[in-house]
Every structure is written in structure tokens, then in C-alpha cells.
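Every heavy atom of this structure was used, including side-chain atoms; hydrogens, water molecules and symmetry mates were not. Just so it is clear, the structure is predicted and the values come from calculations on it, not from any experiment. Numbers for residues simply follow the sequence, beginning at 1.
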Amino acid sequence: MSTYESALLRLLDERGYIHQTTDAAGLDALAAKQIVPGYIGFDATAPSLHIGSLVQIMMLRRLQQAGHKPIVVMGGGTTKIGDPSGKDESRKLLTPDVIDDNIASIFTVFERLLTFGDGPTDALMVNNDEWLSGLGYIDLLRDVGPHFTINRMLTFDSVKLRLEREQPLTFLEFNYMILQAYDFVELARRYDCRLQMGGSDQWGNIVNGMELGRRLEGRELFGLTTPLLTTADGAKMGKTAAGAVWLNEDQLPAYDFWQYWRNVDDRDVGRFLRLFTDLPHDEIARLEALEGAEINNAKIVLANEVTKLVRGGDAATRAEATARETFAGSGAGEDLPTLSTGPEGMRIAALLTEIGLTASNGEAKRKLAEGAVKLEGETITDPGHLVLPADGETLRLSLGKKRHALVKR
């Protein structure tokens, strides 16, 4: 572990956030002597971010905890184009009204995790549409375009991978990296922003912005990326068989969010406690040293702490109580996902998908055939089985041992 002078880099290093830095010594010296405004950009393609973005949000939280100023840049402008990084196909273009609604919804998570205001270290949320939409395209190409070569742009992974897979990359998306680089310059001008952070897939975009700032403004800017976050079994963080693990309550019930963390791989517990909670190091060391069945206690702490941060204390308390009741086998916790079949009832395959236990009817049929589905403790294998609760009756539907839901009329 490196020795840093600044509280910022010490904190990021101890907690496992640092993958690459453009100039670690320079950034460390700057952060040790003054408040450093730093930003991360988030596109607004849905009403919620998912937990793949949580490590970035927590980095902004750490920035503030270390006495610096986090800037959340919502990509109201860049969302109109679409970031090709890590994508195999072009993104569906959204209307400005939908983008604005998404940003308002996403903000509700940020305001739990950051302190916003007018103070020197208070967080700021800005929308890059403020400056991008006002740019004359010819002016932008003339002023900024000469600093980008096609040769170099073709070497970036976000472009190279798409071309290697023979997936189309539109000229619109190809421009994304120019606009993101320009964001860094504009933030430096407006807010004296000196640092851009992001996932390791953003390294090329961050370096572009730093270089553009040096060429246009003569500014010294810095970049820092986190490691690509995968689970111990190699899966991408935030993806499950049933779909994305969303941060917002409207997209995913608190119980399902809590359960995701409760069910992580034993090998991920310590790392996730460092990245996603504010627990002190000695407590994390104690928890990650637990073995056998006791590691489940550490997972419950992880689930409670993350849910508390993202969803609030009440949500964490309800989710844990529901899990306790459900797994004790004595009850059906009130926080479980619930669906009403209506007076006609529903076929069980459609019901599994509608309630969110499976991602598609095809997956539901496979799980039924495997004998993984139980209704009131009885294994059901027929996808056409009609589920029709009596008036006032609540049935418990289970997929495997860990996923449960309630069905009413």
C-alpha cells in the first residue's frame, strides 16, 4: 500500500478505489494543500442508476469525506448521443423531457449520499446540457477538433471493441469522447475542477479531457480510475439473472436490493464493506475474518449498511425483518415483492416474470422444469399451472432457497 500525504488519496487507497492515476504525486500534493473539486459524469438513460455506478457515487462521497468538493455531472447533453464504452450496439435516443425526468429521479439517490449546498466542500450537481447544447457545432469542430486525431481515437477500447465485433459505431457516438473531454475543460473554467474520476473503461476519455485542458487553457488537470468491478466469480457487478440491481426504490423493491448484498460471494464481503460502507477498518477486518456459517452475519451487516446508505434506515430495518420472517419459515415478511393475480388468476410462468423472480417467460419455464419453483412449499413444474388465491388469501412463491414473493388475488 502506497504512502500518500493527502487524506484523499490515503482514503481512496485504503478502501480499494485506485486503479490508475495520471500523476499520483501531483494530485497528492495538490489535495494536501487545498480543496480539490472533482467530478464524475453519469448519463441519464434510465430513471435510476444501478449498483454498477455505486462505486463511482461512493468515490464522490469519499472525496467529500476527505474535505474536497464533489461535482456530479449529469449528462443531459451527452445522453442525447450515447457513450459507446462497453456497448455492443447503439443506444436508443431519448427525448429531452425523458432525460430531465430521469435526472430528477436519479438525484434522489445522490442527495442521500452527498451533502449539497453552497459551501466550499458542498456537492454540486450540474447538467452538461447547459454548455453542450449551446455550442455551435462548426465552432466546436474548429476549436476542439484539431486536438483529436482519428488515428488515436481508433485505438480506444470503446471504439476498437465495437469495430472488432463488427458492430456499427455511428459518427454521432464517435463524437462522444470529444464532448466528454470538453466537459472537463468547461468544468475547469466554471468551477476550477481539477480532477475527473471514473471506472477503468473511462481512462481514455479522462486522458483526452486532461490533454484538451492543457492545450486550450494551459491547465494542469488530473485523472483517477477505479478497478473494473467484478464479483469473485467473474460476473459484472450489478447484473443478476433477473436483471439489473437498481438503486432507486421505484425500479427495485428494498427487499430485493437488500437480498442482493446478503447473497454476495463469501470472498467479496471484505472488499464490498470497504467500497460500499462507512464502517471503520478494524470492524471490517473483524467481519471479513469470520468463517463458516458466521460469514452470514457479516453479509447481513453489509446488506444493512448499504441499504441504509442508498435507501434509508427504515428500508434496511424492514428488509432484514422480512428476511428473518421469511427464512424462519413461519411467516411471509411484509416487505417481499407482492403481486395481485386478479379474479382470473395467472399462469405460473407469466407470474414468475411479472413479479420479477425471472427475467423472461423462457427462463421461468426452465426454472420450473428444473424443479426450482415452489408455491406454498409445493414444487410446481407445469408452466401452465393456474395460480388463483382465494379472497383474502396470500400465497408464498419461491424460486430456489433465497428468492421469495407473495401472491394475492
Side-chain angles (χ1 to χ4, degrees), residues 12 15 17 37-66 68-76 78-79 83 94 97-117 121-129 196-199 202 226 229 236-240 242-262 264 272-279 302-320 335 337 356:
L12 292 179
R15 291 272 175 175
Y17 292 96
Y39 94 93
I40 300 178
F42 301 87
D43 278 350
T45 52
S48 173
L49 301 172
H50 63 68
I51 62 168
S53 297
L54 187 55
V55 70
Q56 315 303 335
I57 301 173
M58 290 300 293
M59 270 228 293
L60 290 171
R61 183 177 174 87
R62 303 301 183 212
L63 188 74
Q64 192 165 50
Q65 287 172 339
H68 299 279
K69 186 177 185 71
I71 302 175
V72 181
V73 177
M74 292 309 306
T78 39
T79 301
D83 181 1
L94 304 177
D97 284 348
V98 169
I99 292 170
D100 287 346
D101 288 346
N102 287 348
I103 289 172
S105 177
I106 288 167
F107 179 69
T108 61
V109 167
F110 280 100
E111 64 182 346
R112 280 192 192 279
L113 289 157
L114 300 173
T115 301
F116 287 84
T121 64
D122 284 343
L124 182 67
M125 179 178 272
V126 296
N127 184 340
N128 67 9
D129 197 46
Q196 182 182 175
M197 302 183 292
Q202 294 297 315
T226 56
L229 203 57
K236 194 172 179 182
M237 186 79 183
K239 298 288 184 184
T240 67
V245 182
W246 299 102
L247 298 181
N248 283 52
E249 182 79 25
D250 288 349
Q251 276 64 47
L252 186 76
Y255 175 77
D256 286 340
F257 183 81
W258 189 93
Q259 276 292 121
Y260 175 84
W261 300 100
R262 166 63 183 80
V264 300
F272 287 179
L273 283 166
R274 276 185 283 276
L275 288 171
F276 300 113
T277 80
D278 288 338
L279 290 179
L302 173 67
N304 282 337
E305 291 296 317
V306 181
T307 305
K308 207 183 298 178
L309 280 176
V310 177
R311 300 292 184 85
D314 287 351
T317 303
R318 283 198 322 270
E320 186 186 4
D335 212 36

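Here N127 pairs with nothing under the side chain to side chain donor-acceptor pair (under 3.5 Å) rule; sequence neighbours left out. Not counting sequence neighbours, the partners of S105 by the side chain to side chain donor-acceptor pair (under 3.5 Å) test are N248. With sequence neighbours excluded, no residue satisfies side chain to side chain donor-acceptor pair (under 3.5 Å) with N102. Under the side chain to side chain contact (heavy atoms under 4.5 Å, CB included) criterion, T121 pairs with I35, sequence neighbours left out. With sequence neighbours left out, T317 forms a side chain to side chain contact (heavy atoms under 4.5 Å, CB included) with no residue at all. Considering only residues two or more places apart in sequence or on other chains, A123 meets the side chain to side chain contact (heavy atoms under 4.5 Å, CB included) condition with Q64, P70, L114, F116.
Taking OH from Y260 and NE2 from H50, the interatomic distance works out to 10.0 Å, rounded to the nearest 0.5 Å. Taking CD1 of I99 as the reference point, atom CG of D129 lies at 7.5 Å (rounded to 0.5 Å). Note that CD1 of I51 is 13.0 Å distant from CE of M58, once rounded to the nearest 0.5 Å. Taken to the nearest 0.5 Å, the CD1 atom of I71 stands 9.0 Å off from the CG atom of L63. Rounded to the nearest 0.5 Å, atoms OG1 (T45) and CD1 (I106) are 7.0 Å apart. Of the inter-residue distances, the one linking Y17 atom OH with L229 atom CG reads 10.0 Å to the nearest 0.5 angstrom.
Of all heavy-atom pairs spanning V245 and F257, the tightest one is CG1-CD1, 4.0 Å. Residues W261 and A303 approach most closely at CB-CA, 3.6 Å, considering heavy atoms. Residues A44 and M74 come closest through the heavy atom pair CB-CE, 4.1 Å.
At distances below 3.5 Å, not a single donor-acceptor pair connects side-chain atoms of T79 with backbone N or O atoms of D43. Side-chain N or O atoms of R61 include one that pairs as donor or acceptor with a backbone N or O of L113 at under 3.5 Å. For the pair R112 (side chain) and R311 (backbone), a donor-acceptor distance under 3.5 Å is present. Between the side chain of R15 and the backbone N or O of R274, at least one donor-acceptor pair lies under 3.5 Å.
Under the side-chain contact (heavy atoms from CB on, under 4.5 Å) rule, W246 has a single partner from P253, P47, S48, which is S48.
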Pair E320-T307, side chain to side chain contact (heavy atoms under 4.5 Å, CB included): steps then yes or no: CA-CA 10 Å; E320 186 186 4; T307 305; over 6 Å; no
Can R262 and Q259 be said to form a side chain to side chain donor-acceptor pair (under 3.5 Å), step by step? CA-CA 5 Å; R262 166 63 183 80; Q259 276 292 121; 5.8 Å; no
Before you tell me yes or no, could you show the steps for L60 and M197 under side chain to side chain contact (heavy atoms under 4.5 Å, CB included), namely the whole-Å CA-CA distance, both residues' side-chain angles and the distance that decides it to 0.1 Å? CA-CA 9 Å; L60 290 171; M197 302 183 292; 4.0 Å; yes
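In this structure, D314 places its CG atom where only 12 or fewer heavy-atom neighbours from other residues, nucleotides or ligands lie under 6.0 Å away.
Ring geometry, F272 versus F276: the interplanar angle exceeds 60°, so the pair is classed perpendicular (tilted spans 30 to 60°).
Side-chain atoms of D278 and R62, non-hydrogen and from C-beta on, do get closer than 4.5 Å to each other. Side-chain contact between I57 and L49: present, with at least one pair of heavy atoms (C-beta onward) separated by less than 4.5 Å.
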